[in-house]
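First up is the structure itself, then whatever we jot down about it.
Each chain gets a letter, A, B and so on, in the order the sequences are listed, and its residues count up from 1.
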Amino acid sequence: MSDRILFMLAEQDVFSKAWLRAPASTDVARDTDSMFMWLWWFCVVWFVFLMALMVYWVIKYRRRPGTVAPKSASHNTPLEVAWTIIPTLFLVYIFFRGFHGWIEKIVAPGDAIEMNLTGARWYWSIDYPNGAQSPASTRIGAKDIPVFYMPAERSVKLRMQSQDVMHAFYVPDFRIKQDLWPNRYSQMWFKAHAPDGTLKHPVVSNDAKDEVAKALSGVPYEDHWLFCAEYCGDEHSEMAGIIRVVPEDAFNRWLDAIKNGTGTPAEIGQAIWKLRCSSCHTVDGGKNTGPTWKNIWGHEAQMMTGKMIMVDENYVRESILNPQAQIVMGFQGQNMPSFAGVLNDKQITAVIEYIKTLSDMGTLGDPAHPAGMDAKVGTPGTETKPGEKPADKPQ
Amino acid sequence: MSHASPAAFNELDPHDASHHGQHEHHAIVGPFQLRLVLVTLLFFTFATVAFAQIEVFVEGLIGGPLPWWVNVAGAMSIAVVKSLLVMAIFMQLRYDNPMNSIIMAFTFAALAIFIVFTGIDLLGRSQVDAYKAENIKAGGTDEIVSKKRDAFLAKMVDRYGAEEGKAKYEELDHEFNHAHEESAAAPEGNTPNLSRERVGLTGALLEVAPAKGEHAEHGAAHEGAEPGKKGEKTNPMGQESEGP
Amino acid sequence: MTTLDSRDNRPLWQRYVHGHHWRTQAEEFDGAKLGFWLFLTTEVLLFGGIFCAYAIFRSLYPGAWKEGSSLLDWKIGGINTAVLLISSYTMAVSIYYIQVGKISRARLNLMFTILCGALFVTLKLLLEYTPKWTGWFFFMDPALGHHSIDAAAGNGLFGLFRHVEGYGGKRPGSLYEYGFGHDPHMPLWWSVYYVGTSIHALHVIIGMILIFRVWLKAGKGVYGPNYYTGVEIAGLYWHLVDLIWIFLFPLLYLIH
Amino acid sequence: MSSGHHSHGSYLESKGGFFANVLDWATTVDHKKIGVMYLFAILFMFFLGGVAALAVRIELLEPVRVKTTFTATGTEPVTQLLRADVAADIKNKDGTPAKDTLLTAGTRVQTHPAAKTVLGNELTSGTQVDVLDDAGKTVVQTATLKGSVSVTDPKTGAATASKITGQFFGSPDATAIAAGNNTYNRLFTLHGAIMVFMVIVPSVPASLGNFFLPLMLGAKDVAFPRLNLLSWYIYVTGSIFAVSSIVLGGVDTGWTFYTPYSTSTDADSIRVVFMILGAFILGFSSILTGLNFIVTVHKLRAPGMGWFDMPLFVWAVYSSGIIQVLATPVIGITLLLLVFERITHIGIFDPALGGDPVLYQHFFWFYSHPVVYVMILPGMGIITELIAVHSHKRIFGYRAIAFASLGIAGVSFIVWGHHMFTSMSEVASTIFSALTFLVAIPTAVKVFNWVGTLYKGSITINTPMLYALIFLFTFSIGGLTGLPLGTLSTDMHLHDTYFVVAHFHYVMMGGTIMAFIGGIHHWWPKMFGKMYNEKAAMLGAILVFIGFNVTFFTQFFLGVRGMPRRYASYVDEFQTLHIISTIGSFILLAGFLVHLSVFVASLVAGRKAPANPWGGLTFEWLADSPPEEHNFAHEPLCTHGPYDYDTTVPPHWDPKDYPIPAENLAAAGSH
């Protein structure tokens with residue numbers, strides 16, 4: 001079939017090298033490329049045919065003074081019908097082929113990893129399945145461009161939403177593009193090929209964390225630009241990102257590495273405890289500068305004033321933000337610094353969650369609510385909002 | 001477009017002289033006829049109001065809502081009849097150059113195209129979501145996620161036994177999602193790996209509305225009241241589609 | 001185009017001469033009507049945008065629409081419909097009187113039409129818009145019946161142009177925070193309601209001006225059995241305004 | 001205007017003194033004068049939009065994304081030097097610290113790490129260097145530095161042997177970038193809005209159409225001459241509104257005014273409202289023109305002229321009139337809602353308030369897609385005339401072309417969704433994609449017919465014909481590149497990239513503007529009674545052709561390679577193509593300047609034009625050059641088809657110069 005020949009041409013010919021900066025990096029994108037190159041040849045054939053006729057006739061039938069053009073047909077029905085029907089048939093074919101490739105692009109396979117992508121003026125951010133965000137970025141000019149690690153040979157589905165105006169998620173190497181709206185989700189998926197070293201953009205990651213760097217040392221990767229393709233204001237052209245495709249196992253290692261500081265609320269709480277609190281508060285009932293955290297949640301504690309206070313969310317929150325307000329009997333004179341401005345609401349909630357896990361009266365009291373319940377439904381990072389009653393309060 | 005159709009135009013008589021060029025005086029519609037039309041129009045106005053009232057009455061009678069299209073179809077068909085009357089007699093389309101009627105027909109065709117195609121897009125979104133939902137699972141099926149779900153399930157089974165544990169697991173799983181839907185999330189609440197069930201396009205972001213409870217109650221009432229209507233959104237997550 | 005000869009004592013309409021680029025007066029009349037129908041096309045499609053928004057949002061958020069229409073008083077809408085229909089009749093009848101040469105009766109009917117238009121706008125403004133904006137005449141508006149005047153008055157007319165904090169300073173003016181809504185999409189309903197009815201009211205006012213101009217010219221004897229293009233065109237415009245209202249009324253007030 | 005007094009002078013004839021003339025033109029209801037007034041207003045707007053376009057092209061000469069770059073021409077391996085993480089004192093040539101408030105001692109110079117891989121090979125020049133502050137974070141450079149830069153080693157304190165001749169350019173910090181981008185955004189919005197609403201939409205119908213449609217029909221004027229004048233004043237008012245937004249600081253919404261951006265940007269300013277109102281007002285002008293033409297065609301054709309005796313230009317303008325009347329009111333209500341939304345914060349299109357931005361896109365494209373055909377159809381009409389007249393040949397497939405015009409007008413209403421494949425629901429995308437291909441069919445038929453007309457013609461190559469051929473070339477490319485954009489899978493890649501930019505420039509500029517300029521040349525002798533310099537005009541045409549293709553064909557490559565549109569800056573790899581494109585735009589400018597001078601020379605010292613310089617058969621060639629005030633001394637009678645070149649001697653031509661072969665006449669008799 002001539003189709004097949006054209007497709008073969010489309011794969012390797014010099015024209016496709018001229019048109020396409022780099023080979024497509026996903027299977028569906030390759031299909032798009034062959035469609036495009038097919039269309040290119042289709043257009044070239046028609047165009048050259050028409051222009052050749054035009055030039056030839058203009059030269060051949062140029063005006064000679066004193067002669068008048070011979071009588072010629074003013075119309076030719078079979079010819080006109082033919083040149084209406086034939087393009088129509090081609091168009092039907094083009095439509096169906098385009099439709100086929102497009103359906104593949106928009107319907108994600110069932111085994112895709114889902115991630116949330118947010119566009120805002122003027123940055124991208126992705127929440128990974130474990131709730132972490134990519135700490136990696138690279139500096140392009142005056143702006144830090146985020147680097148998103150993605151597994152190779154694995155379908156990734158993005159659920160996308162904008163925070164303000166419209167944006168469009170556009171990865172030229174994957175040949176995909178989808179608008180993002182505020183207040184409504186849109187979706188896009190891709191399955192990138194394994195890095196073969198052919199595609200490298202002149203960028204480098206400033207990975208802040210050592211463990212991240214360690215997780216990825218020596219790993220081959222391939223970078224793809226991520227652009228915003230829907231006009232969104234002043235820094236529209238600066239709203240870029242880099243999709244860095246690494247082998248899946250490296251991706252998983254990296255994902256674990258960046259989990260530090262993220263994860264389920266309780267896990268985050270534990271990490272915060274390690275960093276900020278463990279010097280004064282134990283979690284195993286041992287004595288230290290401050291009261292231990294073991295089995296305080298849900299118990300009443302006697303204050304310096306003699307008052308009994310139930311240790312609950314509001315108490316813990318107050319103790320973190322304003323430690324001198326209520327001081328537990330026996331710990332007078334220990335000046336715990338305020339963590340207002342150091343810990344944000346999310347982190348405070350995480351600490352609360354962690355304290356709960358340490359108590360027999362806390363969530364452990366109700367075995368249905370063990371620590372990190374969120375993790376079991378695969379949705380870490382859905383912390384209770386400050387000021388809101390936790391959904392899993394035992395009472 | 002069909003301005004050129006031979007039926008509307010006679011090539012030999014480009015100026016439509018045979019239609020109306022010859023008589024200086026145009027159709028004169030007498031006051032009696034006009035009065036008749038006015039009475040009919042007023043009657044129809046009464047009828048359309050009465051229809052709406054009767055409908056409310058009938059709904060009370062049968063103790064449930066009528067299909068959603070009943071009141072639209074009723075009111076709109078009366079409106080169409082009224083407008084046809086106005087156009088035909090008051091605006092004299094009936095006695096006029098047919099070209100004017102053709103123009104009006106094209107206008108309404110364009111309007112219909114406009115509304116129908118826009119509707120196909122904006123009202124057809126969730127259809128495709130439902131189609132997609134078949135091969136999409138909540139939270140994805142990534143190992144990272146599913147392993148944890150499995151671990152949780154195992155824990156539950158371990159703690160409560162096979163039957164009860166599974167039920168407990170599902171209950172919590174549902175409760176989680178449900179709680180999330182309810183959580184009237186703040187605009188920045190773009191939590192990972194969860195589709196909030198959306199009501200229309202706006203989810204819970206609009207807080208112009210009154211208290212949460214009231215809203216939920218209203219929503220529930222509304223969904224109950226209009227089965228099969230747009231209010232009942234397809235949950236993009238497929239499996240957890242029970243509403244509040 | 002008219003050629004006026006000062007020595008000619010016949011009424012103006014008898015002396016009318018059609019524009020030089022037309023072949024006959026009948027053709028000029030026909031052409032003018034054709035042109036005006038084309039213009040009416042644009043009017044229909046202008047409102048078409050509002051109808052489209054109505055259809056889409058009603059399908060997406062039936063709850064808001066149900067609630068919204070229940071907050072409007074069909075009695076006021078019904079009276080307004082009748083007023084417009086009657087004015088349409090008087091307009092049509094005045095064309096008849098011009099055609100048969102009874103100019104003064106035609107003028108009477110034209111004036112009646114204008115008054116009907118004025119009544120329509122007054123009812124709309126006084127009994128529908130004002131209570132919703134200010135709480136005045138609250139007893140007229142059933143929707144305001146259970147609402148204190150103070151609360152409604154707090155959201156004064158000028159709240160419409162108030163810059164509200166939150167949502168990037170883009171929350172709707174108080175006009176759309178009509179205090180009784182339960183459905184979060186009520187602002188959309190009010191948007192469609194106000195845009196639709198206010199643009200329609202604007203058309204009513206334009207129509208009144210057109211008819212008033214015709215009334216004046218008829219007084220000078222410009223129109224008569226021989227020449228009444230202006231009356232006819234003003235009439236077409238007025239009927240179109242009526243036509244739009246025939247659809248707006250059930251859509252906004254009755255359908256729920 | 002009274003039928004009483006006929007003046008038999010040309011319509012250009014002076015009415016007395018200067019003020020009398022001005023008053024005469026300002027209050028004229030003569031379609032010819034209004035057409036000429038439109039022509040000059042449109043050409044002025046074209047100039048304004050062109051200036052904005054050139055500014056945009058100049059901005060795109062280099063990416064500003066890389067903020068601080070200098071060219072290193074060190075004698076030592078720069079690699080080593082820069083890798084050593086040295087502290088640098090950056091000084092001007094004369095030894096004074098350059099901008100020492102910004103670049104203090106201790107400022108670190110670090111290579112762009114990715115450049116390391118390049119370093120080994122060819123880091124003689126072009127290395128990119130980021131200037132970091134002590135925290136290793138922020139770029140502090142804000143000035144353009146030129147001159148030598150010395151780099152000192154922090155450990156020894158000694159200057160290294162190597163000198164880096166540096167050139168810092170760009171405006172490095174984010175605020176300055178944003179400000180620069182802001183200007184760019186305002187420029188491309190201005191360019192788009194002016195070119196679409198004020199140039200291309202009215203270009204052919206309002207100027208050439210106004211002038212020639214009544215002439216071609218043998219009518220004395222359009223149906224409603226006073227409305228015609230009103231439409232010109234509305235046009236001017238709308239333009240003033242829109243352009244005054246520049247004076248107020250410019251608008252950065254893009255000509256499409258997509259929500260929620262357009263309802264939130266510049267919230268404290270009235271200028272966006274001004275621009276929107278300008279477009280709204282211009283809509284009325286467009287409606288009045290279209291309406292006027294439709295009634296004129298229906299009612300004022302010359303005796304004996306049936307629908308299929310009309311010139312195809314009239315058919316085209318008539319078809320576009322239908323679109324103008326049916327589509328423009330929708331943009332009217334859209335823009336009105338947008339203004340309402342901005343002023344009173346209603347939420348029909350704003351998702352934050354429950355509205356739907358995609359609904360806005362539907363509203364917008366329901367007008368803006370059909371209006372694409374308002375732009376191109378009259379252009380196609382002109383091309384049909386040019387090819388027939390300058391080939392002295394009966395047009396091939398008259399009815400096919402006429403019905404294709406109507407067909408395009410009809411189909412134009414059901415394809416608007418192809419502007420929204422990345423935002424629509426899947427069902428709607430599929431339907432719209434399928435419908436989109438329908439447009440290709442009548443368009444293809446037209447192109448085939450034009451080429452077919454050349455066959456066995458008697459073709460003169462002059463400027464109008466050259467433009468007709470240029471049109472066939474560029475418009476074919478524009479049409480064919482529409483295929484990948486209508487195809488769903490490829491459009492997902494190409495949407496909102498430079499491919500789209502190139503495509504619609506090939507259609508709008510390569511189509512409408514080329515036809516417009518060709519038409520101006522074709523009818524120039526008729527309009528002003530003066531001939532122009534053919535050779536100079538052809539030079540201009542060739543320059544325009546070359547410049548146009550250099551400018552826009554490169555943009556196809558840019559698009560396929562992934563350069564999104566509306567970018568003030570870009571990644572470096574696109575720079576070469578952008579430079580080529582900018583060079584092309586200046587060739588284009590040169591071409592237009594040649595044309596301008598040809599026109600001016602013609603008006604000042606042109607040779608007097610004969611009544612029928614090209615031997616056209618349509619009625620306008622029957623009139624004098626320039627036509628008298630009421631077009632024709634006697635009402636013309638339609639006795640032959642508009643393109644019966646093989647059997648009819650053109651008016652004002654000597655039958656000796658046009659010896660019709662006897663067999664033609666015999667064939668005509670049998671026909």
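Within the 4.5 angstrom heavy-atom criterion, atoms from both the backbone and the side chain of C:Leu45 approach chain D. Residue contact with chain C, scored on non-hydrogen atoms closer than 4.5 Å, involves the side chain of D:Leu337 exclusively. Using a 4.5 Å cut-off between heavy atoms, D:Gln324 does not touch chain C at all. Heavy atoms closer than 4.5 Å to chain D are found nowhere in C:Phe47, neither backbone nor side chain. D:Ile331 does not touch chain C: none of its heavy atoms, backbone or side chain, sits under 4.5 Å away. Of the atoms belonging to D:Leu291, heavy atoms from both backbone and side chain fall under 4.5 Å from chain C. Neither the backbone nor the side chain of D:Ala219 comes within less than 4.5 Å of any heavy atom in chain C.
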**OP:** Test C:Ile199 against D:Phe340 for side chain to side chain contact (heavy atoms under 4.5 Å, CB included), laying out the working first.
**Re:** CA-CA 11 Å; C:Ile199 294 182; D:Phe340 269 129; 4.1 Å; yes

Subject >> Pair D:Val325-C:Thr42, side chain to side chain contact (heavy atoms under 4.5 Å, CB included): steps then yes or no >> reply: CA-CA 6 Å; D:Val325 169; C:Thr42 69; 3.9 Å; yes

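The distance from the CD1 atom of C:Ile50 to the CZ atom of D:Phe363 is 8.5 Å, given to the nearest 0.5 Å. Within the model, atoms CZ of D:Phe284 and CZ of C:Phe39 stand 6.5 Å from one another, a figure rounded to the nearest 0.5 Å. Taking CG from C:Leu46 and CG from D:Leu336, the interatomic distance works out to 7.0 Å, rounded to the nearest 0.5 Å.
Under a 4.0 Å N-O distance rule, the pair C:Glu28/D:Lys299 does not qualify as a salt bridge.
With a 4.5 Å cut-off on side-chain heavy atoms, C:Ser191 and D:Glu341 do not count as touching. When side chains are defined from C-beta on, D:Val295 does not count as touching C:Trp37, because their heavy atoms never get closer than 4.5 Å. For the pair C:Ile56 and D:Asp356, the minimum side-chain heavy-atom distance is 4.5 Å or more.
Summarising the local packing, CZ of C:Arg10 is surrounded by more than 12 heavy atoms from other residues, nucleotides or ligands at distances under 6.0 Å. Applying the 6.0 Å contact sphere to OH of D:Tyr258 captures more than 12 heavy atoms from other residues, nucleotides or ligands.
In this structure, the ring of C:His21 has its center no less than 6.0 angstrom from the ring center of D:His630.
Of residues 201-209 of chain C, no residue lies under 4.5 Å from chain D by any heavy-atom pair.
Minimum interatomic distance between D:Pro303 and C:Arg23 (heavy atoms only, all atoms of both residues): CD-NH2, 3.9 Å.
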